[in-house]
Q: 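Here you go, one structure.
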Amino acid sequence: MEIHGQYKPELEPLAKAFAANFSEFSEEGAAVAVIKNGEVLASLWAGTRDRAGEQPWLEDTCVNVFSAGKPLCAVVIMQLVEEGKLDLDRPIGNYWPEFASRGKESITTRQVLNHTSGLSAFHPRVKEPVIFDAAAIVSLLQYETPWWSPGQEQGYSPFLYGWILAEVARRVSGVKDYPTLFAKRLTKPLGMKAYLGVPESEQGVLADVAPLKKPLGTQGSASKGANSAALGQLMKSDPRGVTNRAFTNPMTLMNSTNSQVWREACIPAANLHTNALSLARFYAALVADDSPYGKAASLQEFRAESTAGVDNVLGVHLRFGLGFMLSQDVDDCRYGGPEGFGHPGAGGSVGYADPETGIGFTYVTARLGQSLLIDARAQRLVRTLSECL
């Protein structure tokens with residue numbers, strides 16, 4: 001496989017590790033980027049972006065990174081906090097009155113950010129087209145009830161997290177729609193190519209996601225439970241439980257990600273489309289000397305432990321700052337050094353910032369593995385980068 005791009009001489013092992021993913025792990029199209037203080041230390045890409053294997057992957061090829069986009073929602077929220085438009089510890093109902101019902105009266109924005117709100121999934125069965133209708137989603141959120149007492153337990157929220165934060169941000173900012181607010185505050189300051197709602201002009205050049213043809217198997221701490229097989233057991237054990245509902249209500253959340261309607265929609269927790277270089281710029285900016293994304297106190301909230309424990313939805317031990325997963329001493333949840341913070345996306349994409357080294361790292365892929373957190377391909381890259389630095 002021919003590897004394209006550039007890298008600093010000291011990161012040659014990273015380039016070799018990236019190439020090895022294609023020969024050993026059936027990678028077909030992917031990219032990796034490393035940035036420090038605005039300088040690109042590595043930007044590498046290879047393979048193809050379409051399922052037929054005919055269109056080459058380019059440096060600016062965008063792909064659905066799924067939950068790796070969640071932290072961007074958190075940054076928008078913290079900017080509004082800095083401007084005095086939002087208080088993380090006041091009930092969301094103060095800003096969105098219709099939300100304050102059915103056990104949600106005390107839920108705060110902080111609890112949504114650290115996944116302790118109890119709003120991890122919809123209880124009632126949701127019809128397929130509803131997730132593409134912003135007004136319908138708002139109505140469902142107003143009707144929803146928490147799965148447990150808010151603030152008392154940790155439970156990852158795959159989708160509701162983003163919809164709630166987007167509606168809060170929209171209301172307190174006065175901006176008509178969230179994608180406009182997102183672009184103004186997140187993508188334009190750094191010239192990022194990142195979309196919540198991909199414009200028609202970009203639809204034809206996106207990477208198509210598809211399963212890896214060869215399973216990666218269990219790697220690192222995946223053998224301890226953080227894999228799709230273990231998740232499947234949780235779902236089967238309680239078909240109407242929170243884990244099952246979180247990932248299958250509706251199934252559109254899992255099986256429509258190459259469709260035009262999915263790509264055009266705004267699903268902030270799950271359908272960010274971006275490229276490795278853009279997402280690495282975002283993460284590097286979070287640990288830069290003069291970050292465009294917030295003041296020091298706000299940036300500290302992202303990487304300071306807000307909650308930790310065995311997660312009610314994923315069934316594994318997780319640590320969260322506000323909007324970010326935090327490093328643990330296990331291969332599939334290690335974001336650089338011990339102070340690292342970032343987020344994985346379903347199938348393999350991941351990004352993180354490492355305050356110790358000052359780097360922003362991103363790996364994006366179109367071929368989806370089965371790990372819940374950081375899979376073997378990205379683990380290899382993270383480990384190699386740490387050795388280089």
Q: Shortest non-hydrogen contact from P71 to Y283?
A: CG-OH, 3.3 Å
Q: For E39, is there an ion pair with K8 - N to carboxylate O distance below 4.0 angstrom?
A: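 A salt bridge links K8 with E39.
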Q: Y335 vs V382, test: side chain to side chain contact (heavy atoms under 4.5 Å, CB included). Steps then yes/no.
A: CA-CA 7 Å; Y335 300 104; V382 172; over 6 Å; no
Q: Which atom pairs, donor and acceptor, lie under 3.5 Å between side-chain atoms of residues 339-352 and protein residues at least two apart or in another chain?
A:
residue	atom	partner	partner atom	Å
H343	ND1	S67	O	3.2
S349	OG	T365	N	3.2

Q: Ignoring hydrogens and geometry, is there a side-chain-to-backbone donor-acceptor pair from K70 to A269 under 3.5 Å?
A: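 Checking the backbone N and O of A269 against the side chain of K70, a donor-acceptor pair under 3.5 Å is found.
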Q: Could you give the distance from CG (L186) to CD (Q79), rounded to the nearest 0.5 Å?
A: 6.0 Å
Q: Mind checking whether L165 and L113 have side chains closer than 4.5 Å, heavy atoms only?
A: yes
Q: With R303 as the cation and F324 as the aromatic partner, state whether NZ or CZ is under 6.0 Å from the six-membered ring centre and within 45° of the axis.
A: no
Q: Any idea which heavy atoms bring L272 and A194 closest together, and the distance?
A: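 Where L272 meets A194 most closely, the heavy atoms are CD1-CB, 4.0 Å.
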Q: What I'd like to find out is whether the side chain of K193 reaches to under 4.5 Å of the side chain of C62, using heavy atoms alone.
A: yes
Q: Test of understanding: with side-chain contact (heavy atoms from CB on, under 4.5 Å), list the residues that count as partners of T307, not counting sequence neighbours.
A: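 Residues passing side-chain contact (heavy atoms from CB on, under 4.5 Å) with T307: N114, T116, Q154, F320.
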Q: Check the side chains of N271 and R263 for a donor-acceptor pair under 3.5 angstrom, ignoring hydrogens and angles.
A: no
Q: Could you see if V175 belongs to whatever hydrophobic cluster contains L80? Use Ile, Leu, Val, Met, Phe, Trp, Tyr and a side-chain cutoff under 4.5 Å.
A: yes
Q: Could you tell me whether F99 and Y95 have their ring centroids closer than 6.0 angstrom?
A: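 Here the rings of Y95 and F99 have centres that are no less than 6.0 Å from each other.
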Q: Quick one: CZ on R380 to OH on Y363, what's the gap to the nearest 0.5 Å?
A: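 Between atom CZ of R380 and atom OH of Y363 there are 10.5 Å.
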Q: Please check if the number of heavy atoms outside R125 that lie under 6.0 Å from its CZ is greater than 12.
A: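 Correct, the count exceeds 12.
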Q: Would you find a donor on one side and an acceptor on the other, under 3.5 Å apart, between the side chain of W96 and the backbone of R171?
A: no
Q: Could you report the tightest heavy-atom contact between T362 and A280, atom names first, then the distance?
A: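 Minimum heavy-atom contact is OG1-N, 3.1 Å.
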Q: Treating N258 as the side-chain partner and V209 as the backbone partner, does any N or O pair qualify as donor plus acceptor under 3.5 Å?
A: yes
Q: Quick one: NE2 on H123 to CZ on R102, what's the gap to the nearest 0.5 Å?
A: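 Atom-to-atom, H123:NE2 and R102:CZ are 9.0 Å apart.
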Q: Do L190 and Y293 make a side-chain contact, defined as non-hydrogen atoms from C-beta onward lying under 4.5 Å apart?
A: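 Heavy-atom side-chain distance check passes, below 4.5 Å.
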Q: I need the minimum non-hydrogen distance between I107 and V112, along with the two atoms involved.
A: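 So the two residues come closest at CG2-CG2, 4.2 Å.
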Q: Indicate whether any N or O donor in one side chain lies under 3.5 Å from an N or O acceptor in the other, for E264 and Q260.
A: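 Yes.
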Q: Residues two or more places apart in sequence or in another chain: which of them pass side-chain contact (heavy atoms from CB on, under 4.5 Å) with C266?
A: Y178, P179, L196, P268
Q: Got R110 and E301 here, is their nearest side-chain heavy-atom distance under 4.5 Å?
A: yes
Q: Measuring from S306:OG to H115:NE2, what's the distance to the nearest 0.5 Å?
A: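 If I round to the nearest 0.5 Å, the distance is 10.0 Å.
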Q: For residues 41-50, pull every pair meeting side chain to side chain donor-acceptor pair (under 3.5 Å), keeping only residues two or more places apart or in separate chains.
A: S43-E59
Q: Taking all atoms of both residues into account, what is the closest heavy-atom pair of Q111 and S106, and its distance?
A: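 Smallest heavy-atom distance, with atoms named: OE1-O, 3.9 Å.
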Q: Determine whether P338 and E356 make a side-chain contact, defined as any pair of heavy atoms from C-beta on separated by less than 4.5 Å.
A: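 Yes. Closest side-chain heavy atoms under 4.5 Å.
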Q: Flag yes if more than 12 heavy atoms outside D89 fall under 6.0 Å of its CG atom; otherwise flag no.
A: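 It does: D89 CG has more than 12 such atoms within range.
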Q: Minimum heavy-atom separation for G155 and S120, please, with both atom names.
A: O-OG, 2.9 Å
Q: Between V287 and I359, does the side chain to side chain contact (heavy atoms under 4.5 Å, CB included) criterion hold? Intermediate values first, please.
A: CA-CA 7 Å; V287 288; I359 64 101; over 6 Å; no
Q: Taking the side chain as everything from C-beta on, heavy atoms only, tell me whether W262 gets closer than 4.5 Å to F132.
A: yes
Q: Using the side chain to side chain contact (heavy atoms under 4.5 Å, CB included) rule, take L14 and Y7 through it: C-alpha gap first, then chi angles, then the decisive distance, then the call.
A: CA-CA 9 Å; L14 179 69; Y7 57 87; over 6 Å; no
Q: side-chain contact (heavy atoms from CB on, under 4.5 Å) with P158: which residues, sequence neighbours excluded?
A: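 For P158 the side-chain contact (heavy atoms from CB on, under 4.5 Å) partners, ignoring immediate neighbours, are Y156, A246, F247.
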Q: Between L88 and M78, is a side chain to side chain contact (heavy atoms under 4.5 Å, CB included) present by the stated rule, with each step listed?
A: CA-CA 9 Å; L88 291 178; M78 292 306 294; 3.8 Å; yes
Q: Salt bridge between E27 and R367, side-chain N to carboxylate O under 4.0 Å?
A: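 Salt bridge: no.
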Q: Please check if the side chain of K104 supplies one atom and the backbone of E144 the other of a donor-acceptor pair under 3.5 Å.
A: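 Indeed, once roles are kept as given, a pair shorter than 3.5 Å links the two residues.
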Q: Set out, in order, the CA-CA distance, both residues' side-chain angles and the distance that settles salt bridge (Lys or Arg N to Asp or Glu O under 4.0 Å) for R170 and E167, then state yes or no.
A: CA-CA 5 Å; R170 189 190 69 79; E167 182 63 11; 2.9 Å; yes
Q: Is it true that E82 and R185 make a salt bridge, defined as a side-chain N closer than 4.0 Å to a carboxylate O?
A: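 No salt bridge links E82 with R185.
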Q: Do L119 and Y161 come within less than 4.5 Å of each other through their side chains, counting heavy atoms only?
A: no
Q: Under a 3.5 Å distance rule, please check whether S278 uses its side chain to pair with a backbone N or O of N275 as donor and acceptor.
A: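 Flag not set: sc S278 to bb N275 has no pair under 3.5 Å.
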Q: Test your reading of the model: is there a side-chain donor-acceptor pair from E105 to the backbone of G103, 3.5 Å cut-off?
A: yes
Q: What about W57 and H4, are their ring centers closer than 6.0 Å?
A: no
Q: Between the side chain of S26 and the main-chain N/O of F22, is any donor-acceptor distance below 3.5 Å?
A: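 Side chain of S26 to backbone of F22, a donor-acceptor pair under 3.5 Å: no, none is there.
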Q: To the nearest 0.5 angstrom, please state how far the OG1 atom of T243 sits from the CG atom of D311.
A: 8.0 Å
Q: Hey, any chance Y195 and I267 share a hydrophobic cluster, counting ILVMFWY side chains that come within less than 4.5 Å of each other, even indirectly?
A: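 Per the 4.5 Å side-chain linkage, Y195 and I267 are not co-clustered.
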Q: Does any N or O in the side chain of D332 come within less than 3.5 Å of the main-chain N or O of I374, such that one atom is a donor and the other an acceptor?
A: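 Looks like no, no N/O pair under 3.5 Å.
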Q: Within the structure provided, determine whether F18 and L381 are in side-chain contact (heavy-atom separation under 4.5 Å).
A: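 Yes; the side chains approach each other to less than 4.5 Å.
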Q: Residues in side-chain contact (heavy atoms from CB on, under 4.5 Å) with E200, at least two apart?
A: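 Counting only residues at least two positions away or on another chain, E200 forms no side-chain contact (heavy atoms from CB on, under 4.5 Å).
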Q: Find the distance between CZ (R334) and CG (D354) and round it off to the nearest 0.5 Å.
A: 11.5 Å
Q: Indicate yes or no for a side-chain donor-acceptor contact from T248 to the backbone of P250 under 3.5 Å, with no hydrogens or angles considered.
A: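 Not confirmed, T248 side chain does not pair with P250 backbone.
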Q: Checking the side chain of S101 only, and the main-chain atoms of Q142 only, is there a donor and an acceptor separated by less than 3.5 Å?
A: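 Yes, the answer is positive, given that a donor and an acceptor are paired below the 3.5 Å cut-off.
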